[in-house]
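Just below is one structure, and these are the notes that go with it.
Throughout, a chain's letter reflects where its sequence line sits, starting with A, and its residues are numbered from 1.
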Amino acid sequence: MKIGYPCINLTLPCKGDRTFRLRSYSEERLVATVRNNLDCLLDVLRFNAEHELLFFRITSDLVPFASHPVCDFDWQCHFREDLARIGAYIRNNRMRISMHPDQFTLINSLDPGVFERSVKELLYHARVLDSMGLDKSARIQIHVGGVYGDKSESIRRFSARFKALPDRVRRRLVVENDDRLYTVQDCLRVHGETGIPVLFDAFHHFLHNDGETAREAVEGSGATWAEADGLPMVDYSPRRRGAYRGGHASSLDTDDFRRFLKETEPHDFDIMLEIKDKESSALKAVEICRNDRRFSRVVNEVWAPPSPS
DNA sequence: CCCTGTCAAGTCACG
DNA sequence: CGTGACTTGACAGGG
């Protein structure tokens with residue numbers, strides 16, 4: 001099990017997700033911003049390595065407007081060495097990486113233009129990971145998309161579109177259950193049609209499910225990951241007490257986290273803590289796993305399949 | 001320098 | 001049919 005947090009670090013002074021307004025786009029502005037973001041990313045990764053946080057989500061804002069028509073700059077070439085250096089650092093420290101394009105990326109959209117823009121956005125994400133020389137355990141997670149009045153048809157459309165995606169995108173894509181439309185069960189149907197691994201989001205599952213326990217959902221989604229895909233990825237946010245819905249709680253509820261770990265034993269996975277205070281909660285999680293012998297997974301050990309005995 | 005309206009992109013629920 | 005939620009900060013223009 002590796003423990004991580006998404007996109008930004010609140011301890012360090014640098015900001016790794018700097019962007020700017022489309023109106024103020026210029027090549028100089030882009031280069032300066034990407035320069036800043038890459039430098040900061042390496043700082044954050046160093047911080048993570050020092051604190052045994054080996055799972056990290058790289059922000060989609062690393063290269064602002066990378067998939068927008070306004071951007072005709074060859075950032076991959078210009079920043080080749082920086083990207084390669086970051087990738088080497090990730091590999092040397094056995095870090096796990098994910099990326100998560102935002103809600104505008106919809107490969108099952110009825111609108112061909114939306115689909116087209118989504119492919120460009122996915123290609124951008126794949127290029128970031130490719131430029132870093134990361135293997136296919138570095139994943140890009142998206143939701144299934146819209147329902148458009150017919151979920152089965154929309155799942156079929158997702159699957160058909162998926163099969164036609166560029167290989168560099170297809171090999172990294174995973175689907176995540178969302179909080180209103182597609183449950184873990186729905187994602188498993190997508191897996192059945194495409195073979196895509198299913199990323200389990202515990203918070204979304206709590207808000208939207210088909211009656212199965214978190215344990216069952218972890219087992220079902222976990223079985224969709226082949227060895228070359230890397231360990232299953234799980235997103236976890238604390239449920240906010242008293243609020244049925246609402247955003248992520250501001251800090252880790254250690255009791256709830258312990259309960260989740262206990263409930264899902266002995267299944268191993270890498271866990272992303274999507275919590276407002278970022279690395280602060282992730283560090284708490286590392287402490288919990290290290291100091292509590294009741295938990296069977298070993299943090300940051302190289303994973304091996306459970307022995308049959 | 002401070003204030004504040006607005007920011008690339010989509011979909012669904014709600015009133 | 002129009003607006004807000006999703007999630008949230010910070011960019012950038014105007015005073």
Side-chain angles (χ1 to χ4, degrees), chain A residues 5-30 32-34 36-37 40 44 57 59-73 75 99-125 140-151 153-155 157-158 161 169 175-183 186-187 201-208 235-240 243-251 272-281:
Chain A
Y5 62 100
C7 302
I8 59 173
N9 178 297
L10 299 175
T11 304
L12 297 173
C14 71
K15 286 265 155 284
D17 61 344
R18 287 265 289 275
T19 183
F20 48 85
R21 293 294 138 85
L22 179 58
R23 278 196 313 251
S24 46
Y25 181 93
S26 72
E27 201 167 290
E28 295 73 30
R29 189 76 188 263
L30 181 73
T33 303
V34 176
N36 167 83
N37 290 349
C40 184
V44 172
R57 182 180 301 158
T59 175
S60 296
D61 283 332
L62 189 70
V63 184
F65 305 105
S67 71
H68 192 280
V70 76
C71 177
D72 60 355
F73 181 71
W75 53 270
M99 294 187 83
H100 193 347
D102 68 25
Q103 63 205 12
F104 307 109
T105 303
L106 291 159
I107 70 172
N108 76 348
S109 176
L110 293 171
D111 180 343
V114 171
F115 171 63
E116 197 179 321
R117 287 188 287 279
S118 297
V119 173
K120 288 196 169 81
E121 181 71 355
L122 289 168
L123 269 170
Y124 152 62
H125 284 77
I140 300 167
Q141 59 187 94
I142 61 170
H143 297 293
V144 181
V147 170
Y148 313 100
D150 186 339
K151 188 180 274 189
E153 187 53 37
S154 293
I155 287 177
R157 193 167 50 255
F158 179 100
R161 296 259 178 89
V169 170
V175 284
E176 172 191 352
N177 58 302
D178 67 75
D179 59 351
R180 324 174 279 149
L181 306 177
Y182 290 90
T183 61
D186 296 325
C187 291
D201 185 306
F203 185 63
H204 292 162
H205 176 75
F206 169 67
L207 296 171
H208 188 214
D235 283 356
Y236 173 90
S237 313
R239 315 164 188 185
R240 197 155 55 179
Y244 171 65
R245 251 171 193 282
H248 301 158
S250 53
S251 187
M272 177 70 61
L273 299 171
E274 297 184 313
I275 306 175
K276 272 205 183 84
D277 63 3
K278 302 292 176 180
E279 74 279 7
S280 163
S281 280

Set of salt bridge (charged side-chain N to carboxylate O under 4.0 Å, His left out) partners for A:Asp186, sequence neighbours left out: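 Salt bridge (charged side-chain N to carboxylate O under 4.0 Å, His left out) check on A:Asp186 returns A:Lys151.
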
Can you list everything that forms a salt bridge (charged side-chain N to carboxylate O under 4.0 Å, His left out) with A:Lys15? Sequence neighbours excluded, please.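 Per chain and number, A:Lys15 pairs via salt bridge (charged side-chain N to carboxylate O under 4.0 Å, His left out) with no residue.
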
Defining pairs by Watson-Crick or G-U wobble geometry with both distances under 3.5 Å, how would you list the stems of DNA chain C with at least three pairs each?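 Stems found: B:1-7 with C:9-15, B:10-15 with C:1-6.
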
Can you check whether A:Trp75 and A:Tyr124 have ring centres sitting under 6.0 Å from each other?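 Ring-ring flag for A:Trp75/A:Tyr124: true, centres closer than 6.0 Å.
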
Can you list everything that forms a ring-ring contact (aromatic ring centres under 6.0 Å, His included) with A:Tyr148? Sequence neighbours excluded, please.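 If we apply the ring-ring contact (aromatic ring centres under 6.0 Å, His included) test to A:Tyr148, skipping adjacent residues, there are no hits.
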
Taking only residues two or more places apart in sequence or in another chain, which ones pass ring-ring contact (aromatic ring centres under 6.0 Å, His included) with A:Tyr236?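 Only A:Phe257, A:Phe260 meet the ring-ring contact (aromatic ring centres under 6.0 Å, His included) criterion with A:Tyr236.
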
With A:Cys14 via disulfide bond (SG atoms under 2.5 Å apart) - residues at least two apart: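 For A:Cys14, the residues satisfying disulfide bond (SG atoms under 2.5 Å apart) (neighbours in sequence not counted) are A:Cys40.
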
Which residues pass the side-chain hydrogen bond (donor to acceptor under 3.5 Å, both in side chains) test with [X], sequence neighbours left out?
{"X": "A:Asn37", "result": "none"}
{"X": "A:Asp235", "result": "A:Arg57, A:Gln141"}
{"X": "A:Lys120", "result": "none"}

Between B:dT6 and C:dT3, how far apart are the P atoms? Round to whole Å, please.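 So the two P atoms sit 13 Å from each other.
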
P atom, C:dA5 versus B:dG5: distance in rounded Å?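 16 Å, rounded to whole Å.
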
Would you say whether A:Phe104 stacks on B:dA9? The test is a distance between ring centres of less than 5.5 Å and an angle between planes of less than 30°.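 The ring of A:Phe104 is stacked on B:dA9.
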
Restricting to pairs with a member in residues 99-116 of chain A, which pass side-chain hydrogen bond (donor to acceptor under 3.5 Å, both in side chains), not counting sequence neighbours?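 Sorted result for residues 99-116 of chain A: A:His100-A:Glu176.
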
Can you name the atoms? Protein N/O to nucleotides 11-15 of chain B N/O, anything below 3.5 Å, with the distance.
{"unit_1": "B:dT11", "atom_1": "OP1", "unit_2": "A:Ser109", "atom_2": "OG", "d": "2.6"}
{"unit_1": "B:dT11", "atom_1": "OP1", "unit_2": "A:Tyr148", "atom_2": "OH", "d": "2.9"}
{"unit_1": "B:dC12", "atom_1": "OP1", "unit_2": "A:Val147", "atom_2": "N", "d": "2.7"}
{"unit_1": "B:dC12", "atom_1": "OP1", "unit_2": "A:Tyr148", "atom_2": "N", "d": "2.7"}
{"unit_1": "B:dC12", "atom_1": "O4'", "unit_2": "A:Arg180", "atom_2": "NH1", "d": "3.4"}

Grab the N/O contacts between the protein and nucleotides 12-15 of chain C below 3.5 Å, and write none if there aren't any.
{"unit_1": "C:dA12", "atom_1": "OP1", "unit_2": "A:Arg21", "atom_2": "N", "d": "2.5"}
{"unit_1": "C:dA12", "atom_1": "OP1", "unit_2": "A:Ser24", "atom_2": "OG", "d": "2.3"}
{"unit_1": "C:dA12", "atom_1": "OP2", "unit_2": "A:Arg29", "atom_2": "NH1", "d": "3.2"}
{"unit_1": "C:dA12", "atom_1": "OP2", "unit_2": "A:Arg29", "atom_2": "NH2", "d": "2.5"}

